[in-house]
Trainee: 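Before I ask anything, let me first share the structure, which is written out below as structure tokens.
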Amino acid sequence: MKKIILSLLSVSLFVFSCSNDDDGDVQLPLGDYDNGILVSSEGGPASVSYISDDYMTVENEIYYNVNSENLGVYLQSIGFNGDLAYIISDNANTITVVNRYTFLKQAEISTGLLTPRYITFLNGKGYVTNWGRW
């Protein structure tokens, strides 16, 4: 009887101690600039830096490093909506749209802007403040 109980116990320990590593809890980074802090820098030329959550990685000028172009002189602000980041350069009168996690340029908005300052989002639309007058 002891052998049967020990056998059942060892089988049950084996069954309950095994786990499936494919349980979906592990999330891979969405890009090089996931899991960190983005720092915008106004000045010539404007730039964005990335600092990892563990503070072990710092990369300056990530937009330039990915896209080989500058953002202008004065980076005013950055707004986020889903997987996209909207980088506002007021002196260039542009909003540069990038993937938030890879910083790869997606689009550029330059119409209807006169010294843009900030962006916010509501119900699927972006609203931008302009410092200049029409």
Side-chain angles (χ1 to χ4, degrees):
M1 187 68 154
K2 284 184 179 180
K3 287 184 180 184
I4 294 173
I5 293 175
L6 286 175
S7 294
L8 288 174
L9 182 60
S10 66
V11 168
S12 67
L13 285 176
F14 176 77
V15 170
F16 292 112
S17 67
C18 293
S19 68
N20 184 356
D21 290 338
D22 297 329
D23 59 2
D25 289 341
V26 178
Q27 184 177 353
L28 297 175
L30 299 173
D32 290 342
Y33 308 112
D34 191 9
N35 300 319
I37 303 164
L38 296 173
V39 180
S40 62
S41 174
E42 182 181 317
S47 66
V48 179
S49 297
Y50 169 79
I51 304 168
S52 63
D53 282 343
D54 61 5
Y55 305 108
M56 298 301 291
T57 302
V58 174
E59 183 180 344
N60 295 316
E61 299 183 17
I62 61 175
Y63 178 81
Y64 181 83
N65 295 344
V66 171
N67 299 289
S68 298
E69 64 182 36
N70 289 321
L71 288 166
V73 178
Y74 299 109
L75 191 157
Q76 178 60 39
S77 63
I78 302 177
F80 299 95
N81 188 29
D83 290 347
L84 299 176
Y86 296 76
I87 305 168
I88 299 181
S89 301
D90 64 2
N91 70 309
N93 291 317
T94 61
I95 299 172
T96 305
V97 183
V98 299
N99 178 289
R100 155 59 185 104
Y101 304 106
T102 64
F103 253 69
L104 188 62
K105 183 177 180 178
Q106 305 293 305
E108 185 172 279
I109 302 166
S110 59
T111 57
L113 301 172
L114 186 56
T115 317
R117 306 298 278 175
Y118 303 99
I119 190 167
T120 191
F121 301 92
L122 180 64
N123 298 327
K125 294 183 180 181
Y127 296 88
V128 179
T129 60
N130 283 297
W131 188 25
R133 292 188 214 165
W134 290 103

Trainee: For T120 and L122, run side-chain contact (heavy atoms from CB on, under 4.5 Å): C-alpha distance rounded to whole Å, both residues' side-chain angles, the deciding distance at 0.1 Å, then the answer.
Mentor: CA-CA 7 Å; T120 191; L122 180 64; over 6 Å; no

Trainee: On a heavy-atom basis, which atom in P116 and which in N93 lie closest, and how many Å separate them?
Mentor: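 Closest approach of P116 to N93, heavy atoms only: CD-OD1, 3.4 Å.
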
Trainee: To the nearest 0.5 Å, tell me how far E61 CD sits from N67 CG.
Mentor: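 CG of N67 is found 12.5 Å from CD of E61.
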
Trainee: What distance separates E69 CD from E108 CD, expressed to the nearest 0.5 Å?
Mentor: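 Between E69 CD and E108 CD, I get 7.0 Å after rounding to 0.5 Å.
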
Trainee: What do you reckon, is OH of Y55 surrounded by more than 12 foreign heavy atoms closer than 6.0 Å?
Mentor: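 Not more than 12 within 6.0 Å, no.
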
Trainee: Assess whether side-chain hydrogen bond (donor to acceptor under 3.5 Å, both in side chains) is satisfied between Y118 and Q76, documenting all intermediate values.
Mentor: CA-CA 7 Å; Y118 303 99; Q76 178 60 39; 3.1 Å; yes

Trainee: Would you compute the distance between atom OG of S40 and atom CD1 of I78 and round it to the nearest 0.5 angstrom?
Mentor: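 With rounding to 0.5 Å, OG (S40) is 4.5 Å from CD1 (I78).
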
Trainee: Please report the C-alpha distance between K105 and V97 in whole Å, then the side-chain angles of each, then the deciding distance to 0.1 Å, and finally whether the side-chain contact (heavy atoms from CB on, under 4.5 Å) criterion is met.
Mentor: CA-CA 6 Å; K105 183 177 180 178; V97 183; over 6 Å; no

Trainee: Would you say Y101 has more than 12 foreign heavy atoms packed within less than 6.0 Å of its OH?
Mentor: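 Above 12, so yes.
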
Trainee: Quick check: Y50 with Y33 (ring centres under 6.0 Å apart)?
Mentor: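 Here the rings of Y50 and Y33 have centres that are less than 6.0 Å from each other.
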
Trainee: Quickly, which of L71, N70, V73, I95 forms a side-chain contact (heavy atoms from CB on, under 4.5 Å) with S89? Name it, please.
Mentor: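 So the option named by the test is L71.
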
Trainee: Using 0.5 Å steps for rounding, measure from the CD atom of E59 to the OG1 atom of T57.
Mentor: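 E59 atom CD to T57 atom OG1 measures 9.0 Å (nearest 0.5 Å).
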
Trainee: Would you check, one step at a time, whether the test side-chain contact (heavy atoms from CB on, under 4.5 Å) holds for F80 with F121?
Mentor: CA-CA 8 Å; F80 299 95; F121 301 92; 5.9 Å; no

Trainee: Just wondering, do I119 and Y127 contact through their side chains at under 4.5 Å, heavy atoms?
Mentor: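 No - every pair of side-chain heavy atoms lies 4.5 Å or more apart.
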
Trainee: Is it true that Y64 and V48 fall in one hydrophobic cluster, defined by side-chain heavy atoms closer than 4.5 Å?
Mentor: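 Y64 and V48: separate clusters.
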
Trainee: So how far is it from D34 CG to S52 OG, rounded to the nearest 0.5 Å?
Mentor: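 That separation rounds to 11.5 Å.
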
Trainee: With distance as the sole test, does N130 use its side chain to make a donor-acceptor pair with the main-chain N or O of R117 at under 3.5 Å?
Mentor: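 Here the side-chain-to-backbone pair does not exist.
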
Trainee: Can you tell me how far the CD1 atom of I88 sits from the OG1 atom of T115, to the nearest 0.5 Å?
Mentor: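 Taking CD1 in I88 and OG1 in T115, the distance rounds to 12.0 Å.
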
Trainee: Is there a side-chain contact between L38 and I62 in this structure, where contact means two heavy atoms from C-beta onward sitting under 4.5 Å apart?
Mentor: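 With C-beta onward as the side chain, the pair touches.
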
Trainee: Step by step, work out the side-chain contact (heavy atoms from CB on, under 4.5 Å) result for L104 and V98.
Mentor: CA-CA 5 Å; L104 188 62; V98 299; over 6 Å; no

Trainee: Group every Ile, Leu, Val, Met, Phe, Trp and Tyr by side-chain heavy-atom contacts under 4.5 Å, then state whether L113 and L84 land in the same group.
Mentor: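 L113 and L84: one cluster.
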
Trainee: Might you point out which heavy atoms bring L75 and S41 nearest each other, and give the distance in Å?
Mentor: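 Looks like CB-O, 3.9 Å.
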
